Each structure stands twice: as structure tokens, then as C-alpha cells.
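Predicted model only: the values in this text are computed from it and were never measured.
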Amino acid sequence: MGGKRVLKMCTLAFVLLGLASLQEAMSHGVHPLSKIATHKTTYAFDDRAYVNVTPTVLGAKGETTVWVTVDFSSPTPSNDDWIAVFSPANFRAATCPKGNPYVLPPLLCTAPLKYKYANYTIPNYTKTGKGSMKFHLIKQRSDISFALFTGGISNPKLVAVSKKVAFVNPNAPVYPRLAQGKLWNEMTVTWTSGYGIDEAEPFVEWGPKGGAQVRSPAGTLTFDRNTMCAAPARTVGWRNPGYIRTSFLKELWPNKGYKYKLGHRLFNNTFIWSQEYWFRASPYPGQNSLQRVIIFGAWERTIHLFICPLKDVRLLGEADGSFEFEDFQPASLNTTKQLIEDLNDIDSLPYWRYSLCYGLYCTCLCSGNHERDWPGTGSFYQNMDSGGGCGVLAENMFYVPAENRANFWYSTDYGMFRFCVAHTELDWREGSEQYKFIENCLASVDRQRQPWLIFLAHRVLGYSSVDFYVEEGSFEEPMGREDLGKLWQKYKVDIALYGHVHNYERSCPVYENICTSQEKDNYIGPLKGTIHVIAGGGGASLHEFAPINTTWSIYKDYDNGFVKLTAFDHSHLLFEYKKSRDGKVYDSFTIYRDYRDILTCTVDSCPEVTLAQ
């Protein structure tokens with residue numbers, strides 16, 4: 001993909017978060033890197049062995065992602081030999097800070113970023129002792145080394161280490177993340193760089209194609225390990241985040257295309273630039289035009305997601321075939337591949353874990369358990385799913401139009417859509433601050449102009465047939481719909497979408513466990529209930545359904561995929577579920593209705609007593 005990939009329209013993407021913490025993979029299967037007993041490594045250096053890497057200078061033309069060739073040789077080759085990638089290049093256990101009782105060896109700070117067995121695609125390796133393979137690297141502001149081990153991953157012996165390689169100017173601005181601002185005609189650009197505020201002034205140079213360019217200054221955030229709540233996030237899982245910049249591009253024309261590039265003016269009056277990017281501004285609220293939105297959850301990427309490059313967003317998994325999050329790779333790769341192929345047919349892209357935007361999409365995010373939860377920090381669930389991060393990464397690395405990013409609940413308008421985004425890791429029950437926000441978000445929308453009302457959250461507050469909910473007897477997150485159900489009904493929410501559960505499921509329009517329509521594919525007139533959708537198959541290992549059939553469940557799929565919404569006008573909405581493996585539609589429905597259908601009274605949606613009565 002070229003560096004100037006043009007997105008035809010700003011793709012509003014909703015990501016149902018739950019970003020994988022450094023310990024998360026244990027809940028979805030064994031993390032391949034956790035099998036590597038790096039704490040048991042012994043030295044078996046041999047002067048005849050070598051590991052050479054080319055090129056040695058990375059990103060000479062400004063690239064933030066490169067392929068390198070690794071040539072290696074061992075005088076005593078075996079099928080247990082493997083090549084590992086380390087960054088920082090010094091991977092001695094002595095560099096690991098002290099953890100807590102929950103952090104056991106092998107320590108992640110000594111584990112490789114990824115690895116391949118030496119005989120990978122080299123069938124005669126054990127005869128010749130020589131091999132060559134390619135690795136895909138991304139810019140992380142740290143040097144990189146490669147090492148040859150023998151003895152397999154349970155009894156590793158270090159045979160040879162390469163010279164260090166590094167990207168040119170590790171401080172340069174990289175990885176722009178687009179998000180709609182608090183106003184519909186405002187776009188935010190967030191990016192990462194290594195320059196402190198005492199070294200350079202950050203800004204965005206932007207403007208319409210062929211028009212005058214202006215510069216908008218950027219604010220700077222960062223955090224240190226002590227900002228994190230506990231280990232492993234503040235110890236063995238820590239990696240310096242650099243400086244996070246956010247600039248606000250204001251007074252945009254609806255649907256107009258803009259180009260932009262990231263800049264830093266050093267105090268010696270020299271400039272450091274990124275490559276040039278494109279986005280298309282959002283439609284104004286109520287605008288009657290073709291509008292498309294992508295929604296998916298549980299993409300399951302860790303810190304690598306934060307450094308995903310714009311030019312090759314499909315490489316969020318390990319496209320070079322190496323072991324990393326092995327359980328998650330194929331599906332996340334497939335999902336990103338299909339999203340890229342769909343770019344011409346997407347306007348906005350929501351994601352419930354972390355966003356796929358990076359300069360391609362206008363995104364919205366939902367925070368989840370792997371972002372926020374940690375005991376004693378005010379999270380609704382007192383578990384350790386965030387790995388000690390307790391929301392710090394989500395609140396700093398990405399912009400959301402929330403009044404308080406620590407709360408992470410907000411509303412956003414996109415043409416004919418109103419999205420109300422909840423934070424399931426903070427109290428949402430009646431009487432809570434978030435409950436008041438949700439009701440205000442649902443009540444304040446003008447349904448004549450924005451007929452399509454969507455509720456988004458990470459955990460399932462509605463309906464799900466996943467085995468662990470059924471075992472609890474709740475078919476939901478306990479206490480979810482008990483309080484919120486009456487709000488969805490009163491304000492006639494069309495669709496509620498969730499992540500957290502790693503599969504796909506769609507309900508009928510439902511209220512209090514009863515289908516309000518027997519139609520399954522073509523809804524005409526009032527829905528009289530809310531359609532609940534689990535779209536948690538963005539890339540993570542899948543969750544099993546319980547062996548039970550309910551009256552409200554219309555379609556289930558134990559597979560990876562994503563949801564696409566298409567608003568043709570104020571009266572016609574198309575919902576599609578596409579599988580990541582082939583991009584084909586496997587479930588869909590349409591809604592046809594007029595404004596008067598939204599005004600129609602249904603059960604618990606109008607006052608019990610009116611003047612007419």
C-alpha cells in the first residue's frame with residue numbers, strides 16, 4: 001500500500017475495547033512467548049556461528065515499517081534452533097525491574113518480541129547449518145537485535161547474537177490516529193514521537209487538496225511507569241510510550257477531503273516531517289447522504305496495536321509467519337485485510353478495543369476490562385484484567401470526545417447516526433453518573449434528523465448465548481439490561497452492539513426477553529424493541545456458545561468477523577455481518593421506516609398517562 005492511500009470517506013469505526021493486557025493471553029489460550037524459558041537460558045556461544053541482518057540502517061527513506069533479511073549459521077544445527085527478535089537490543093534479565101507476587105518468570109521484558117524456528121521454510125537447515133529468513137519490523141524508538149538459540153524454547157542455549165540495528169531518527173513523528181472531536185466538524189490527530197516539549201514544537205500542517213495549508217499546534221501528554229497502578233504494567237511489562245501529541249483540526253467542511261502531515265520544529269529552526277496522509281471530514285448531523293460505518297470488537301492486540309503503521313495496517317498480526325500472539329494472528333490479519341479491501345465502501349469505523357485508524361479512519365472507542373480493571377482503583381469489576389494499567393494507556397494513547405477521559409463515556413454524531421458510548425468498567429446502574437449520561441445521550445438526539453440511534457459498550461449489557469453467561473443464568477453481564485433496558489425501550493434505541501464475547505450473535509428486536517417482532521430480515525415500521533448484536537470476533541480466539549436455543553437469538557456464528565452499517569437515507573438502514581476470512585456477508589437485515597414510526601408509542605416508550613387519555 002502506498003504512503004498516500006486516500007480514504008474516499010472518513011470511515012467511522014467503533015472499536016469495542018478491552019485492549020489485551022500483557023497478561024491477557026492466559027485467559028484465551030497459552031501465549032506462545034510465555035512458553036519460552038528465557039530465565040533458564042545458558043550460554044553456548046560458538047565463534048563459528050553468526051547472525052547477520054540487512055539492512056543495518058532501517059527506514060532510510062522515512063519508512064516506519066520495514067522487512068529485514070536475517071542470515072544465520074550454526075556448526076551444529078538441529079530442529080530445536082530458533083531465531084528471536086529483541087527490542088531493546090539488550091535482553092539481559094538483569095534489566096528487568098522487580099515485579100510482584102503475580103509476576104512469575106519468564107519475565108516479559110526478557111522475552112523476544114517474536115521468533116521463528118530456524119528450519120522455518122528451510123527444509124535442509126539441519127544438513128547445511130545455514131539459513132535465511134525475513135522479519136517484519138516496526139519503528140518503536142528502540143534498537144533491535146536478533147539471536148540464535150538452540151535447545152528449543154524450554155531449554156534455550158544462546159549461540160549467537162547479531163549486531164544492533166535501528167531506525168533512522170527514532171524520535172520522528174509516527175502513527176497518526178484520527179478521531180472525531182467533540183464537534184462534528186472537528187477532527188483530532190494523535191501521534192507519537194520521541195521529542196520532549198523542551199526539544200521541539202509539535203504541529204499538524206493541513207488543508208484541502210489544492211488549497212492553502214495551515215498549521216495547528218498540538219498538545220503533549222506522556223506517562224511514566226509510576227502512573228500505572230501496579231505490576232506487571234509498571235515493571236516487567238513497561239515500555240516507554242514516548243510523547244503523545246494531539247492536534248485539533250477545526251471548521252471542516254462536511255465530506256471534504258483534506259491532506260495533512262505531522263511536523264516538529266526543532267529549536268534550531270529545522271523541521272522534522274512525517275509522510276503525507278489523507279482523511280475525509282464527517283457529514284454534518286442530519287445530512288441526507290450515503291453513510292457507512294464499520295464496528296468490531298476484541299481485536300486482541302497489545303502494545304503492538306499502538307504502533308501499527310498507517311501504510312500497512314494489515315500487519316497487526318505477524319505477517320512474517322513468526323510466533324507472537326499465535327492464537328490471535330490469523331483472524332486479526334484477516335479482519336484488517338478485509339477492512340482495507342472495503343475502504344471504498346466505508347465512511348466511519350468504530351472499534352471496541354483499540355482503533356484501526358492510524359490515519360485511515362475516523363474512529364470511536366469503547367474502553368473494556370483489559371483497559372481499566374484493577375482492584376482498588378474504582379473499577380466496577382475488582383479483577384486484574386488490565387495487568388496494572390488501570391486505564392492509563394487508553395486514556396493517553398487515544399483521543400475520545402469525553403468530558404473526562406478517565407470516565408471514557410461519550411456521545412458522537414455522524415451524519416444520520418447518533419452513537420452513545422458507554423464504559424462498562426464503571427458503574428452504569430440507575431442513579432449513577434454514567435446512567436444519567438446515557439439517558440441524556442439517548443434523550444437529546446433529534447430523531448427527525450438523526451433517526452439511527454446506536455448504543456455501544458464493551459461488555460454485553462444486553463443478550464448473549466455465550467457459555468459463561470449461560471452458566472451464570474444471566475445471558476448478559478449481571479445487572480446489565482435490568483436498569484438500561486428501560487432506557488433503550490423508552491428512547492427507542494435501534495441497535496445495541498457489544499464486544500467482550502468473542503463470537504457473533506444477533507437478537508430479534510427484544511424487550512424484557514420477548515421478541516417485539518417475528519420478522520428476522522426485513523423490518524418495516526416501528527421495531528418496538530432493540531436489536532442486540534455481539535460483534536466480538538475482530539481477531540481474538542473464539543468463545544463457545546452454550547448448547548441452548550433461545551427465542552430471542554436469530555443468528556449465531558462461531559467465527560471472526562465485523563459489522564457494517566449503511567444508512568442510505570433517513571428511512572432505510574442496512575445491517576451486514578461479514579466474515580473476516582472472505583469478506584462475504586453471512587447475516588443481514590434492513591430497516592425501512594418513516595419518522596412517524598419512531599414517534600409511535602410502544603410498550604414502556606410513552607408516558608402512561610396523556611392529556612388525550
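The closest donor-acceptor contact from the side chain of Thr530 to the backbone of Val493 lies under 3.5 Å. In this structure, the side chain of Lys492 engages the main chain of Thr600 through a donor-acceptor pair within 3.5 Å. Listed for the Arg449 side chain is no donor-acceptor partner under 3.5 Å among the backbone atoms of Arg447. Although no hydrogens or angles enter the test, the distance criterion places no donor-acceptor pair under 3.5 Å between the side chain of Ser464 and the main chain of Phe475. Distance alone, capped at 3.5 Å, is enough to place a donor-acceptor pair between the Gln489 side chain and the Lys528 backbone. Asp594 places no side-chain N or O within 3.5 Å of a backbone atom of Asp597 that could act as its donor or acceptor partner. Judged by distance alone, the side chain of Glu425 and the main-chain N or O of Ser367 form no donor-acceptor pair under 3.5 Å. With hydrogens and angles disregarded, a donor-acceptor distance shorter than 3.5 Å links the side chain of Gln213 to the backbone of Gly207. The backbone N or O of Glu395 lies less than 3.5 Å from a partner atom in the side chain of Arg405, making a donor-acceptor pair. At distances below 3.5 Å, at least one donor-acceptor pair connects side-chain atoms of Arg593 with backbone N or O atoms of Pro451.
In this structure the side chain of His500 reaches within 4.5 angstrom of the side chain of Asn369, judged on heavy atoms. Within the 4.5 Å cutoff, side-chain heavy atoms of Ser553 are placed close to those of Glu505. Looking only at side-chain heavy atoms (C-beta outward), Tyr399 and Pro401 come within less than 4.5 Å of each other. At a threshold of 4.5 Å between non-hydrogen side-chain atoms, the residues Pro202 and Thr220 count as touching. Using a 4.5 Å cut-off on side-chain heavy atoms (C-beta onward), Thr566 and Phe568 make contact. Residues Arg581 and Asp559 have side chains in contact (heavy-atom distance under 4.5 Å, counting atoms from C-beta outward). In this structure, Val189 and Leu249 have side chains that are in contact, with non-hydrogen atoms separated by less than 4.5 Å. At a threshold of 4.5 Å between non-hydrogen side-chain atoms, the residues Lys564 and Arg292 count as touching.
Side-chain contact, Ser386 with Asp373: no donor N or O sits under 3.5 Å from an acceptor N or O. With hydrogens and angles left out, the side-chain atoms of Thr190 and Thr246 include a donor and acceptor closer than 3.5 Å. For the residue pair Thr424 / Glu477, no side-chain donor-acceptor distance below 3.5 Å is found, with atom types taken as modelled. Between the side chains of Ser289 and Gln291, at least one donor N or O lies within less than 3.5 Å of an accepting N or O. A donor and an acceptor atom, one from each side chain of His532 and Tyr463, are nowhere located under 3.5 Å apart. If you check the side chains of Tyr414 and Gln450, you find no donor sitting under 3.5 Å from an acceptor. Between the side chains of Ser541 and His502, no donor-acceptor pair is found at a separation under 3.5 Å. Side-chain contact, Thr602 with Ser605: a donor N or O sits under 3.5 Å from an acceptor N or O.
Rounding to the nearest 0.5 Å places SG of Cys420 at 8.0 Å from CD1 of Ile438. To the nearest 0.5 Å, atom CG of residue Asp587 and atom CG of residue Asp557 are 8.5 Å apart. Taken from CZ in Phe398 to CD1 in Ile244, the straight-line distance is 10.0 Å, to the nearest 0.5 Å. The CG atom of Leu252 lies 9.5 Å from the CD atom of Gln180; values are rounded to the nearest 0.5 Å. Rounded to the nearest 0.5 angstrom, Phe437 CZ and Trp409 CH2 are separated by 8.5 Å. Distance check: Phe408 CZ to Tyr410 OH gives 6.0 Å after rounding to the nearest 0.5 Å.
Thr188 and Gly181 make their closest contact through CG2-CA, 3.9 Å (heavy atoms, listed as atom of the first residue, atom of the second, distance). Contact record, Phe589 with Ile495: CZ-CD1, 4.0 Å, taken as the closest heavy-atom pair. Ile531 and Tyr523 get closest at one heavy-atom pair: CD1-CE1, 3.9 Å. Minimum interatomic distance between Tyr558 and Leu542 (heavy atoms only, all atoms of both residues): CE1-CB, 3.4 Å. The heavy-atom pair separating Pro283 from Pro254 by the smallest distance is CA-CB, 4.1 Å. Among all heavy-atom pairs drawn from Tyr504 and Val533, the shortest one is CE1-CG1, 3.7 Å.
For Arg459 and Glu476, the salt-bridge test fails: no basic side-chain N is under 4.0 Å from an acidic carboxylate O. We find that Asp582 and Lys579 are not joined by a salt bridge, their nearest charged nitrogen and carboxylate oxygen being 4.0 Å or further apart. A salt bridge is defined here as a Lys NZ or Arg NE, NH1 or NH2 lying under 4.0 Å from an Asp or Glu carboxylate O, and Asp604 with Lys486 fails to meet this definition. Salt bridge annotation for Glu205-Arg215: present, with a cationic side-chain nitrogen under 4.0 angstrom from a carboxylate oxygen. A salt bridge between Glu512 and Arg481 is absent, with no side-chain N of the basic residue lying under 4.0 Å from a carboxylate O of the acidic one. The pair Arg418-Asp494 does not meet the salt-bridge criterion, since no charged nitrogen lies less than 4.0 angstrom from a carboxylate oxygen. By the 4.0 Å N-to-carboxylate-O rule, Asp521 lies close enough to Arg506 to be salt-bridged with it. With salt bridges taken as basic N to acidic carboxylate O contacts below 4.0 Å, none links Arg429 and Glu482.
Between Trp452 and His570, the gap from one ring centroid to the other reaches at least 6.0 Å. Between Tyr577 and Tyr586, a ring centre-to-centre spacing not shorter than 6.0 Å is recorded. Under the 6.0 Å cut-off for aromatic ring centres, Trp278 and Tyr258 do not qualify, their centroids lying 6.0 Å or more apart. Aromatic rings of Trp428 and Phe380 (six-membered ring for Trp) have centroids within the 6.0 Å cut-off, being under it.
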Legend entry - From CA spacing to verdict: side chain to side chain contact (heavy atoms under 4.5 Å, CB included), Leu178, Tyr260: CA-CA 11 Å; Leu178 291 177; Tyr260 70 98; 3.8 Å; yes
Inset, instruction - Check the pair Phe562, Ser580 against side chain to side chain contact (heavy atoms under 4.5 Å, CB included), reporting the backbone distance first and the verdict last. - result: CA-CA 7 Å; Phe562 55 94; Ser580 299; 4.2 Å; yes
Inset, instruction - Might you work through the side chain to side chain contact (heavy atoms under 4.5 Å, CB included) test for Met397 and Arg177, ending with a clear yes or no? - result: CA-CA 9 Å; Met397 297 296 290; Arg177 287 91 78 178; 3.8 Å; yes
Inset, instruction - Report the C-alpha separation of Trp191 and Ser274 in whole Å, then their side-chain angles, then the decisive distance to 0.1 Å, and conclude whether the side-chain hydrogen bond (donor to acceptor under 3.5 Å, both in side chains) test is met. - result: CA-CA 10 Å; Trp191 72 94; Ser274 74; over 6 Å; no
Inset, instruction - Please report the C-alpha distance between His264 and Ser193 in whole Å, then the side-chain angles of each, then the deciding distance to 0.1 Å, and finally whether the side-chain hydrogen bond (donor to acceptor under 3.5 Å, both in side chains) criterion is met. - result: CA-CA 9 Å; His264 285 269; Ser193 71; 3.2 Å; yes
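Checking each of Asn503, Asn549, Ile534 against Lys556 for a side chain to side chain contact (heavy atoms under 4.5 Å, CB included) leaves exactly one that passes, namely Asn549.
Phe417 and Phe419 have parallel rings, their planes meeting at less than 30° on a 0 to 90° scale where 60° marks the start of perpendicular. Taking the six-membered ring where the residue is Trp, Phe203 and Trp273 present perpendicular rings, their angle passing 60° and hence far from 30°.
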